[in-house]
Visitor: 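Please find one structure pasted underneath; my questions will follow.
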Amino acid sequence: MISALNDSPFQTDKQRVETLFLSTLSRYPTEQEGARTAQLIAARSTGRAQVLADILWALLTSGESWINLSLDKLARSGSPPFCVSRCPS
C-alpha cells in the first residue's frame, strides 16, 4: 500500500494522507490532522515512503481504528450490531 501511494504520480501528498485515513478509519482527516500530517511530510528527512508508513502505523494503532475494525467484523459476521432485542429479517 505504501509503495503504491508513494509511487503514484497523480496524487498529491494531501490525497495520499486522505487515502490512508479512508483505508484505516473510513473517514477523511480533520483539518488539524491534515495540517499535522502535512508538517510531517514536509519535514521528511527519512523520505516520503517512511513518513507515510509512520502515519499508517499511527492510524492502525489508534483507538479509533480498533473501534472501526470491531464494527466491520460485526457487520461481516451477519449479525446486526445495533439490534438489542428482536431485529427484522
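If you're wondering where the values come from, they're calculated on a predicted model, not measured in any experiment. Both backbone and side-chain heavy atoms feed into the values below; hydrogens, waters and symmetry mates do not.
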Visitor: Looking at every non-hydrogen atom in both residues, tell me the closest pair between Ser23 and Met1 and how far apart they are.
Guide: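 Closest approach of Ser23 to Met1, heavy atoms only: OG-CE, 3.2 Å.
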Visitor: Roughly how far apart are Asn6 CG and Gln50 CD, rounded to 0.5 Å?
Guide: 10.5 Å
Visitor: Has the side chain of Thr19 got a donor or acceptor atom that lies under 3.5 Å from a matching backbone atom of Gln15?
Guide: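 Yes; judged by distance alone, with no hydrogens or angles, the pair exists.
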Visitor: Any idea which heavy atoms bring Tyr28 and Glu33 closest together, and the distance?
Guide: O-OE1, 4.5 Å
Visitor: Could you state the interatomic distance from CG (Asp54) to CG (Leu20), rounded to the nearest 0.5 Å?
Guide: 11.0 Å
Visitor: Is any side-chain heavy atom of Asp13 closer than 4.5 Å to a side-chain heavy atom of Leu52?
Guide: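 No, too far: nothing below the 4.5 Å cut-off.
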Visitor: Distance check, rounded to the nearest 0.5 Å: Leu60 atom CG versus Ile55 atom CD1?
Guide: 12.0 Å
Visitor: So do Pro29 and Thr37 actually touch side chain to side chain, heavy atoms under 4.5 Å?
Guide: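 When only atoms from C-beta onward are counted, Pro29 and Thr37 do not touch, as no gap falls below 4.5 Å.
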Visitor: Taking atom CD of Gln39 as the centre, does the number of heavy atoms from other residues, nucleotides or ligands within less than 6.0 Å exceed 12?
Guide: yes
Visitor: Determine whether Ser62 and Thr24 make a side-chain contact, defined as any pair of heavy atoms from C-beta on separated by less than 4.5 Å.
Guide: no
